[in-house]
Amino acid sequence: MTNPSTRPTSTNNAVSDDVVIRTENVSVYYGAFQAVRNVYLDIPKNKVVAFIGPSGCGKSTLLRCYNRLNDLIPSARVDGKITYQGIDLYDPKVDPVEVRRRIGMVFQRPNPFPKSIYENIAFGARVNGYKGDMDELVERSLRGAALWEEVKDKLKQSGLSLSGGQQQRLCIARTIAIEPEVILMDEPCSALDPISTLRVEDLMHDLKQRFTIIIVTHNMQQASRVADLTGFFNAEAGEGGSRFGYLVEYDRTEHIFNAPKEQATQDYVSGRFG
Amino acid sequence: MSSSNQTDQINSNVYDIAPGEFDQGMTQGRKMFGNVMTGLVLSCVAIAVLPLASILFMLLSNGLVRLFQDFPSVFTELPPPPLVDGGGFRNAITGTLLTCLLGALISVPFGVLTAIYTVEFGQGNKLSQFVRFCTNVLSGVPSIIAGLFAYGIVVLAMGTFSAIAGGVALSVLMMPIIIRTTEEGLKSIPREVRQGLVGIGATNFQGVSSVILPASLPFVATGVTLALARAAGETAPLLFTALFNQYDSRGLREPIATLSVLIYNYAIAPYKNQNELAWAAALIVVLLILAISILARSLTSKKIY
Amino acid sequence: MTPSTISHQETLIESSQKFNAPRLIDRIFFWLTVALAVSVGLILLWITWSLLSIAFPAIAEFNIGFLFSQVWNPVEDAYGALPQIYGTIVSSIVALLFAIPLGVGVAVFLSENFLPRKILTPIAFVIELLAAIPSVVYGMWGIFVFIPFILPGLQAIYGTFGWLPFFSTQPSTRQLFATALVLAIMILPTIIAISRDSLVSTPPELRQGAYGLGATRWETLTRVLVPSALSGIIGSIMLALGRALGETMAAAMLIGNSNRVSASLFAPASTISALIANQFGEASGLQRSALFYEALILMIMTLLVNMLAEVIVNRFQQVE
């Protein structure tokens, strides 16, 4: 399929469960520049969905639409419709802060707050109005992020004193502490060493029991290891030579890697591309 | 040196001589030019340092003598009338501290919140550009004009010279310093941390008040101390606002003595005792400013990012 | 969409519309910062307005002729600003004539490695200290140390060059020239700091390129580095000029407060700020109004100079 504006046919049979996020004909612009064109894509509940593709294909841009992080860029504009549990995320009645409380995010580079490990988790919970037992929540979240054993004796130390891999798991703990329904992960392992990467990947398997996860990754092996569903994005030069990203194919991960329907996907997953 | 000469030189250097041997190829004229310029620059430095050395020497030789002679009465007594020996400037010390404090009380909240707007909310929009431009221009407003401004809006309104008016005048001069250093501090917080705050669903206020501002606190503290150092030495803005007071001030709505105005009054007075007191007061002010500036440096070194 | 996709909990819109204290606080905080940012921006206008409103009677009385009149007579309530405008501009220009070569020289010294860093850092610190000395202390130093020190030298200049109009009077103990020299010392740190920054931030390729062509250190400096840092240096000079124009205490203590225009730099003179400092205490009525008129002129002068400096320095930062 070469026309990127056509809706990928495989979407329907891939997604039979409850849909948490529905992406309908979404395009993203930065000023006059179109970064992502006409994406249709549904995210089912309690699954790990991976977005893969070469750089500049708009996968991170799309991810950032799901928690309205693009709002921070004044020139960014989203066309089309993204619904979360049936409600338009970009409805003017919707407060973006509420969106981010339900759709958490883990970033490319670990970004703990310059506070103690304990406070890194307690802060997010407090901000979201958590009134329960904070000690218990901190421990539960750190256990959930497989970090508890390493830090339980130094909760008062700064979050910045941890290693990169530990910092990223702290950020995951911080995110799961606010109990979002969806967790967005923007290349969460790109700044980590292989061992830390493996630990974060293991974590994702546990987390999907409770959360829906969307992960953007450059690493195809990672996608094949962690994802139930995979969307392959590609970039193409539009009129005027500016490149835009679009969704080529979206299907169960094993189909994408073993029997892709599109030639471009085949080329990419077999390494003949980019 | 002629230009053809120079061209030859370059050619010979590039093609015939190894880089380490450049000096050998240099003509007498070019060498001389360099030596003369180096000499000139060194004398510039000497001339620039000389006044400072002289001022410090005078402060120490005149001021320190008086401080030791009359210790501790310079700190505990009131300024003497003309032709009376002894005396001190306790009222001026407390007055300087008080007016500076008032200036900080006004300028710190104003400056910090303004910086928060320009960096966190404005992000280079028209208003924040306008505010930044005004801040820069404001920092060049002559200090005596800040004094006249405070005279116009406070002294005339209250009907009296007062510590409050002095504080308002100083706050105008302190504000640009605080805005700039706070902006620097806020900008030093990495983008990733801001995204993290947004990602956990913190409102701007929650993020700024609990993470971003605390992390940039060393910068804010540096700005406040630098502003205090500037305010402590200012005289012109206080002449018609805080005025002066021979006695201890009994409230913020009264004229109040300050070290800098005391120095001015006593330096131009024809009495030796008052001149000496002026030197002693000048030493105190300079030491105060130095101490505050050193504090500012050590605060900057505590920064997180 | 199918009904099953709708959560049975509160929907996003419901929770967005519900009252929520953090959201309210956030709104209040945002508008508070806007209000304060706007008011800081408006302070300049407010200052100008407050000067203007008190100066108004004098503006109405003397009009533009104020700028060209040499009279300052409180008894007859006749005032003019020419001697102060002249003194302010001439003292600042003379100060710049001395401060520019000195300041740029020191900036070059500090930006180059003539001496090891170990020695350079304390020198830079000492020069920063010049900025920390309050102007009233410079004034006192001028009275007790500097003027007595240079007076014999000025006498000699008068003896030799007395036929020149600039040096045509016997050097007075309070005079414009000595004041300008003290001003030059006071504005040095401004020129040094910004010129040095702009010299240091010239791209290293420029220096490497010049050295690569066989240029000496000084040829590189004078033909490549200083020209490329020129807008920063000029900006620093404009900022220093702004400081010199508005400097009050040293001028009030040293210049002699003579309300006459004299061609000789060795004669007593006056500046706008010195006049205000000296007369404001006893002034009332039209005299006070006239002093505010003078302040307004000073404000406009410094605003123009500073805005120009701002534009020049900004351009230098963009190039960088």
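Naming: A, B, ... by sequence-line order, numbering from 1 per chain.
Contact annotation for A/Pro96: neither backbone nor side-chain heavy atoms come within less than 4.5 Å of a heavy atom of chain B. Proximity to chain B is absent for every atom of A/Leu184, based on heavy atoms less than 4.5 angstrom apart. Within the 4.5 angstrom heavy-atom criterion, no atom of B/Ile212 approaches chain A.
Separating the CD1 atom in A/Ile73 from the CD atom in B/Gln123 is a distance of 10.0 Å, to the nearest 0.5 Å. From A/Asn111, atom CG reaches atom CZ of B/Arg194 across 12.0 Å, with rounding to the nearest 0.5 Å. Note that OG1 of B/Thr203 is 7.0 Å distant from CZ of A/Arg101, once rounded to the nearest 0.5 Å. Between B/Gln195 atom CD and A/Arg64 atom CZ the span is 4.5 Å, to the nearest 0.5 Å.
The side chain to side chain contact (heavy atoms under 4.5 Å, CB included) with B/Val198 is formed by just one residue from the set A/Leu72, A/Asp71, A/Asn67; it is A/Leu72.
Here the closest heavy-atom approach between residue B/Gly201 and residue A/Asn128 is recorded as O-OD1, 4.4 Å. Scanning all heavy atoms of the two residues, the minimum distance from B/Val193 to A/Phe113 falls at O-CE2, 3.8 Å.
Heavy-atom neighbours of A/Arg109 CZ from other residues, nucleotides or ligands within 6.0 Å: at or below the threshold of 12. The local environment of NZ in A/Lys93 is sparse, with at most 12 non-hydrogen atoms from other residues, nucleotides or ligands closer than 6.0 Å. By the neighbour-count criterion of 12 heavy atoms within 6.0 Å, atom CZ of B/Arg253 is sparsely surrounded, having that number or fewer from other residues, nucleotides or ligands. No more than 12 heavy atoms of other residues, nucleotides or ligands lie within 6.0 Å of CZ in B/Arg297, so this atom counts as exposed by the packing criterion.
B/Ser210 is not listed as a side-chain neighbour of A/Glu119, based on a closest heavy-atom distance of 4.5 Å or more.
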